[in-house]
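Notes to accompany the following structure.
These values consider heavy atoms only, across backbone and side chains, with no hydrogens, waters or symmetry-generated copies. In what follows, chains carry the letters A, B, and so on, assigned in the order in which the sequence lines appear, proteins first and then strands, with residues in each chain numbered from 1.
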2 protein chains.
Amino acid sequence: MYSKAISKILWYAFCMEKLLNIQEMSKLIGLSTHTLRYYEKIGMLKGVARNEQGYRCYSEADLLWIQFLICLREMDMPISEMMHYSNLRTQGDSTVYERRVMLEAHQDKVVQQMNKLNENLGRIGAKIEHYKGLEKTVFCEK
Amino acid sequence: MYSKAISKILWYAFCMEKLLNIQEMSKLIGLSTHTLRYYEKIGMLKGVARNEQGYRCYSEADLLWIQFLICLREMDMPISEMMHYSNLRTQGDSTVYERRVMLEAHQDKVVQQMNKLNENLGRIGAKIEHYKGLEKTVFCEK
DNA sequence: GTACACCTTAGAGTGTACTCTAAAGCAATA
DNA sequence: TATTGCTTTAGAGTACACTCTAAGGTGTAC
C-alpha cells in the first residue's frame with residue numbers, strides 16, 4: 001500500500017509513538033501541505049493536535065480520515081458534500097444512518113458515471129478503429 | 001438514442017432540409033445556448049452557418065461534431081486538449097494518425113480512472129457494510 | 001549570531017469551464 | 001406601433017478547489 005520509504009516513516013512514526021508533522025503527512029498521502037492546511041481551515045479535518053510551538057502533529061486516526069477524504073474526492077464528491085459528511089461524523093454515532101445514506105447515494109452516482117464512461121469508451125474505440133482504417137488507406141495509396 | 005419529442009425536431013429539421021437554430025440545437029443535445037456560443041467563440045466549433053440575419057444555423061454535421069465533443073467532455077478531457085483535437089481535425093486527413101494517438105492516450109487515462117473508481121467503490125462499500133453493522137447494534141441495544 | 005529551512009496565519013491569486021449581462025437588432029403578434 | 005421574445009456580440013461574473021504570498025516565529029548548523 002505504501003512505498004518502502006514511506007513505510008519507514010510510518011513505522012518510525014507510529015511504532016515509536018511519534019506524531020507526523022505536516023511535511024511527513026504530505027509526503028505520505030500525496031496532498032500538498034497547502035491542501036492539508038486548506039482542508040483543516042474549511043473544517044473538513046478537525047482536531048489535529050499541535051505541539052508546544054503550534055506546529056501540527058498528525059495521528060494515525062488523522063491519517064485514516066485523510067485517506068478516506070481522498071477516496072471521496074477521487075470519486076468526485078464535491079467539497080461541500082464532504083464537509084456535510086465530516087460534520088455528521090463529528091456529531092457521533094447518531095448520524096451513522098445518515099452517513100450511510102450519503103455514501104450509498106454517492107455510490108449510485110459513481111456507478112452511473114462508470115456506465116457513461118464505458119459507453120463513451122465504446123464510442124471513441126469505434127472512432128479509433130475508423131482512424132486505423134483511414135491510416136491504412138492513406139498508406140496503401142501512397 | 002433521442003426522445004420522441006427530439007426525434008421529431010430532427011425529422012423536421014433534416015428531412016425537410018431545414019437547419020437547426022441555437023435553441024433547437026440546445027434542446028437536442030443538452031448544452032445551454034451559452035455553452036454552444038462559448039464553444040464556437042473559443043474555436044472548438046467552427047464553420048457554423050448563419051442565415052441572412054446572422055443567426056446560427058446548425059447542420060447535421062455540426063450535430064455529430066458537438067455530440068463527439070460532449071463525449072470527450074464526459075470523459076473529462078480538458079477543453080485545451082479538445083481544442084487541439086479540433087484544430088487537428090480542421091487540418092484534414094493528414095492529422096488522422098495524431099488524432100488516433102490522442103484518443104488512445106485518453107482511452108488509457110479513462111481506463112485508469114475507472115480502475116481507481118472501482119477500487120474506491122470497494123472501499124466505501126466496505127464502509128457502508130460497517131455502518132449497517134453499527135446501525136443494527138444501536139437498534140438491538142435500544 | 002546568522003543563515004537556512006522549516007513552521008504558522010490571513011488573505012490574495014489562479015485555472016478551468018462555464019454562465020450571465022448589457023446593448024442592440026430582428027420578427028411575429030395585439 | 002408597441003410589446004414580446006427571440007437573436008447577436010463583447011466582456012464581466014461565478015463556482016470550485018486549490019495554490020500561493022507575505023509577514024512573522026522556531027530550531028538546528030556553522
- Tightest non-hydrogen contact, residues A/Thr95 and A/Leu88, listed as OG1-O, 2.7 Å
- Task: Could you state the atom-to-atom distance from CE of B/Met75 to C1' of C/dA17 in whole Å?
- Result: 18 Å
- Item | A/Tyr58 OH to C/dC7 C1', straight-line distance once rounded to whole Å | 11 Å
- Under a 4.0 Å heavy-atom criterion, the protein footprint on nucleotides 12-17 of chain D, written with B, S and -, is -----B
- Item | Aromatic plane relationship, B/Phe68 with B/Tyr85 - under 30° parallel, 30 to 60° tilted, over 60° perpendicular | tilted
- Item | B/Arg50 side-chain N/O to D/dT9 phosphate OP1/OP2 under 4.0 Å | yes
- Decide yes or no for A/Glu81 and A/Pro78: does some side-chain heavy atom of the first lie under 4.5 Å from some side-chain heavy atom of the second? yes
- In whole angstrom, give the distance that lies between atom CG of B/Asp76 and atom C1' of C/dT16. 12 Å
- Residues that A/Glu104 engages under side-chain hydrogen bond (donor to acceptor under 3.5 Å, both in side chains), provided they are two or more places apart: A/Arg100
- Rounding to a whole Å, what distance do you find between A/Glu40:CD and C/dA10:C1'? 15 Å
- Message: I need the NE2-C1' distance between A/His34 and C/dG11, as an integer number of Å.
- Response: 14 Å
- Task: For a side-chain contact (heavy atoms from CB on, under 4.5 Å) with A/Tyr39, tell me which candidate from A/Val48, A/Ile70, A/Ile79 qualifies.
- Result: A/Ile79
Set out, line by line, the N/O atom pairs under 3.5 Å between protein and nucleotides 5-7 of chain D.
residue	atom	partner	partner atom	Å
D/dT7	OP1	B/Gln23	N	3.4
D/dT7	OP1	B/Gln23	NE2	3.2
D/dT7	OP2	B/Gln23	NE2	2.9

- Between C1' of D/dT9 and CD1 of B/Ile42, the distance in whole Å: 16 Å
- Among all residues two or more places apart in sequence or in another chain, which pass the side-chain hydrogen bond (donor to acceptor under 3.5 Å, both in side chains) test with A/Glu119? A/Arg123
- With sequence neighbours left out, which residue pairs that include part of residues 45-57 of chain A fulfil the salt bridge (charged side-chain N to carboxylate O under 4.0 Å, His left out) condition? A/Glu40-A/Arg50, A/Glu40-A/Arg56
- Taking all non-hydrogen atoms of both residues, which atom of A/Ile124 and which atom of B/Leu103 are closest, and how far apart? CD1-O, 3.7 Å
- Atom-pair distance (CG on B/Leu36; C1' on C/dC20), nearest Å: 15 Å
- Task: Could you tell me which residues satisfy side chain to side chain contact (heavy atoms under 4.5 Å, CB included) with A/Glu129, sequence neighbours excluded, listed by chain and number?
- Result: A/Lys132
- Query: Any side-chain N or O of B/Gln53 less than 4.0 Å from the OP1 or OP2 oxygen of D/dT8?
  - Reply: no
